[in-house]
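Quick notes on the structure that follows.
Numbers here are sequence positions counted from 1. Since the structure is predicted, the reported quantities are computational estimates derived from the model, not experimental observations.
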Amino acid sequence: MDAMQKHLIYPVILAVPNQKQQLKGREKVSFLSRHARRALEVSAQKRQIQLGDLKKDENGVPLPFNGNYWSVTHKTGYVAGVISRERIGIDLEKIRPIKEALYRKTARESEWKLSSADKTVLFFRYWTSKESVLKASGTGIRDLLKCRIKRIVDDGHLVVDYREHDWVVEHFYFNGHMASVVKNNVDVQWTCFKDTSLPIH
């Protein structure tokens with residue numbers, strides 16, 4: 001593996017076929033989980049990494065294998081996965097109207113004052129960024145307010161302060177959705193399959 005590959009991660013987003021979006025309950029969750037791991041598989045291929053056993057601890061936190069960290073996320077319309085040599089977290093959401101109470105549960109007033117951008121878009125930047133950081137840290141949603149948006153770098157990046165550490169997060173906008181991944185000191189190359197051209201497992 002050359003030096004450039006060592007400093008590059010490949011988050012992969014896959015569309016969920018329409019017929020699979022109609023699934024319900026455990027059947028739907030099971031498919032989305034498998035499909036997200038397909039995205040992870042593509043990410044690993046791009047890094048020339050052979051996927052090992054994908055195990056989680058008792059709290060559901062992904063366990064690294066052979067020094068590789070991994071993270072997946074899934075929603076009704078899309079799933080995503082990424083693999084990295086550093087602690088990693090990825091999250092995605094469909095951009096949609098949000099109730100006012102959820103803004104207060106997600107960030108403090110001082111954080112909302114960091115930008116005058118559209119508040120709905122800003123909400124999903126904040127939410128997916130904090131989720132990504134919490135995943136990379138191996139902690140859960142209970143620490144959402146302990147993650148603080150420290151600085152907005154530009155439309156595609158911001159910095160989250162969590163546990164006295166700065167986490168750089170990169171965003172990717174696609175088809176009315178937003179994905180975020182922990183970037184820190186690596187470069188990011190996004191891959192998004194907006195149709196279902198990849199084999200479905």
Side-chain angles (χ1 to χ4, degrees), residues 1-17 20 29-57 59-75 77-93 125 128-139 147 153-160 162 165-175 177-201:
M1 188 179 295
D2 61 34
M4 193 172 82
Q5 281 183 302
K6 291 180 181 178
H7 297 89
L8 192 61
I9 59 171
Y10 298 87
V12 173
I13 298 167
L14 300 183
V16 175
K20 297 296 185 180
V29 172
S30 178
F31 171 78
L32 292 177
S33 178
R34 293 195 309 273
H35 202 39
R37 292 192 178 205
R38 176 68 176 117
L40 185 69
E41 185 180 321
V42 177
S43 178
Q45 289 171 354
K46 289 177 176 291
R47 282 291 308 270
Q48 299 176 7
I49 293 172
Q50 184 70 37
L51 278 187
D53 288 337
L54 300 178
K55 297 180 179 179
K56 297 181 179 181
D57 67 15
N59 297 314
V61 177
L63 295 171
F65 64 92
N66 300 330
N68 297 296
Y69 293 86
W70 58 281
S71 182
V72 293
T73 183
H74 50 76
K75 296 296 180 289
Y78 291 92
V79 301
V82 64
I83 195 164
S84 176
R85 285 289 185 181
E86 310 294 332
R87 290 185 177 275
I88 192 71
I90 192 169
D91 191 53
L92 68 83
E93 289 283 351
R125 287 188 72 180
T128 57
S129 293
K130 292 186 177 191
E131 277 275 0
S132 297
V133 168
L134 291 172
K135 286 182 176 182
S137 302
T139 51
C147 281
V153 180
D154 53 34
D155 286 344
H157 302 85
L158 54 73
V159 179
V160 176
Y162 179 58
H165 180 75
D166 286 352
W167 302 77
V168 181
V169 176
E170 180 168 311
H171 310 303
F172 181 72
Y173 302 83
F174 65 101
N175 200 24
H177 289 67
M178 180 182 298
S180 291
V181 70
V182 170
K183 177 187 185 304
N184 290 339
N185 297 315
V186 303
D187 290 326
V188 182
Q189 184 173 313
W190 293 87
T191 300
C192 183
F193 294 89
K194 295 181 183 178
D195 58 26
T196 54
S197 56
L198 280 181
I200 304 303
H201 291 188

Side chains of [X] and [Y]: does their closest heavy-atom pair fall under 4.5 Å?
X	Y	result
Arg87	Val182	no
Val42	Tyr10	no
Pro11	Phe172	no
Phe65	Leu54	yes
Glu86	Asn184	no

Any donor-acceptor N/O pair, [X] side chain to [Y] backbone, under 3.5 Å:
X	Y	value
Asn59	Val61	no
Ser129	Val169	no
Trp70	Leu63	yes
Arg125	His157	yes
Lys130	Cys147	yes
Ser33	Val29	no
Lys135	Ile90	yes

If you compare all heavy atoms of [X] against all heavy atoms of [Y], which two are closest, and at what distance to 0.1 Å?
X	Y	value
Ala39	Ala80	CB-C, 3.9 Å
Ala136	Gly89	CB-N, 3.8 Å
Arg47	Leu8	CD-O, 3.2 Å

For the atom pair [atom1] ([X]) and [atom2] ([Y]), what is the distance rounded to the nearest 0.5 Å?
X	Y	atom1	atom2	result
Arg37	His74	CZ	NE2	9.5 Å
Glu93	Lys75	CD	NZ	4.0 Å
Leu40	Thr73	CG	OG1	12.0 Å
Lys183	Ile88	NZ	CD1	11.0 Å
Asp91	His171	CG	NE2	11.5 Å
Ser43	Ile13	OG	CD1	11.0 Å

Looking only at side-chain N and O atoms, does Tyr78 offer a donor or acceptor that is under 3.5 Å from a partner on Asn175? yes

We want to know whether Ser30 and Arg34 form a side-chain donor-acceptor pair, criterion being a heavy-atom distance below 3.5 angstrom.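 Ser30 vs Arg34: donor-acceptor pair found between side chains.
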
The test is side-chain contact (heavy atoms from CB on, under 4.5 Å); show your working for Arg85 and Asn68 and say whether it passes. CA-CA 5 Å; Arg85 285 289 185 181; Asn68 297 296; 3.5 Å; yes

Please walk me through it: do Val79 and Val72 pass side-chain contact (heavy atoms from CB on, under 4.5 Å)? CA-CA 8 Å; Val79 301; Val72 293; over 6 Å; no

Considering residues, nucleotides and ligands other than Asp166, do more than 12 of their heavy atoms fall under 6.0 Å from its CG?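 Count over threshold, so yes.
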
